[in-house]
Amino acid sequence: MDQHEVVALISTTAELMEQFQRNCAQIEQQQRALSQQLQGLSQQLPATVRQSADATLSHLPGALMGKLQSGLEQPVDEYQKRLGQAGALLGEGSKALAQQLQHMERLHKSLIWKTSAALVGCMTLLLLGGIWLSMHYSGVIRDNQVAADKLRAINSADVILCGGRLCANIERKAQGYGDKGQYAVVQQR
């Protein structure tokens, strides 16, 4: 993996992290707005029902109420049943919304952990790759150091090519090296 690919991987990971954080913030804002709307509606419902009932009942004159009470009991009971059913449906809806909000919160936490784990994994891979490259190139440098020392010695020696072979100007008075003294020191340039 070369440096451009690593930089591209890091850039892509950062962009994904930013997009994920923006999405999480949007979801959180939507959840808050829905929760506030639900609270407002649940607070307004009893007052609205009471006002509706008061407005309906206050318009009927007392004398007519007495005479029609037996005839109105059935529709009022049905109205109360419907009102009770509507309240029950509203309660179920609010429970479902609360469950959905809890599910989204768990999903949000799960996504944060997964993204964090992926980021830690990428950083670990980058660190391990850097360590491996450092060790590899330090070995290459050691190998080249030995070759560089030999080249320096050859460059400082007085040697030339003689008909395709290497010829050297040797020091005649220097001591010989090797098992049999067959090697002589080459003069410096």
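Predicted model only: the values in this text are computed from it and were never measured.
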So how far is it from [X] [atom1] to [Y] [atom2], rounded to the nearest 0.5 Å?
X      : Y      : atom1 : atom2 : result
Thr13  : Glu18  : OG1   : CD    : 11.5 Å
Cys24  : Gln21  : SG    : CD    : 7.5 Å
His4   : Ser11  : NE2   : OG    : 13.5 Å
Ile10  : Cys122 : CD1   : SG    : 8.5 Å
Gln102 : Leu107 : CD    : CG    : 13.5 Å
Gln99  : Lys95  : CD    : NZ    : 8.5 Å

Keeping [X] on the side-chain end and [Y] on the backbone end, is there a donor-acceptor pair under 3.5 Å?
X      : Y      : value
Thr124 : Val120 : yes
Ser116 : Ile112 : yes
Ser156 : Arg152 : yes

Distance-minimising heavy-atom pair for Glu105 and Gln31: N-NE2, 4.2 Å

Residue His136 excluded, over 12 heavy atoms near NE2 under 6.0 Å: yes

[Y] reachable from [X] in the ILVMFWY side-chain graph, under 4.5 Å edges:
X      : Y      : result
Leu101 : Ile27  : no
Met123 : Val6   : yes
Leu125 : Ile131 : no

Hits for salt bridge (charged side-chain N to carboxylate O under 4.0 Å, His left out) against Glu78, two or more places apart or cross-chain, chain-then-number order -> Arg82

Test question: given the 4.5 Å side-chain rule for I, L, V, M, F, W and Y, name all other residues clustered with Val146, or answer none. none

Taking only residues two or more places apart in sequence or in another chain, which ones pass ring-ring contact (aromatic ring centres under 6.0 Å, His included) with Trp113? none

With side-chain contact (heavy atoms from CB on, under 4.5 Å) as the criterion, how do Thr115 and Leu16 come out once you've worked through the C-alpha distance, each side chain's angles and the decisive distance to 0.1 Å? CA-CA 9 Å; Thr115 303; Leu16 286 173; over 6 Å; no

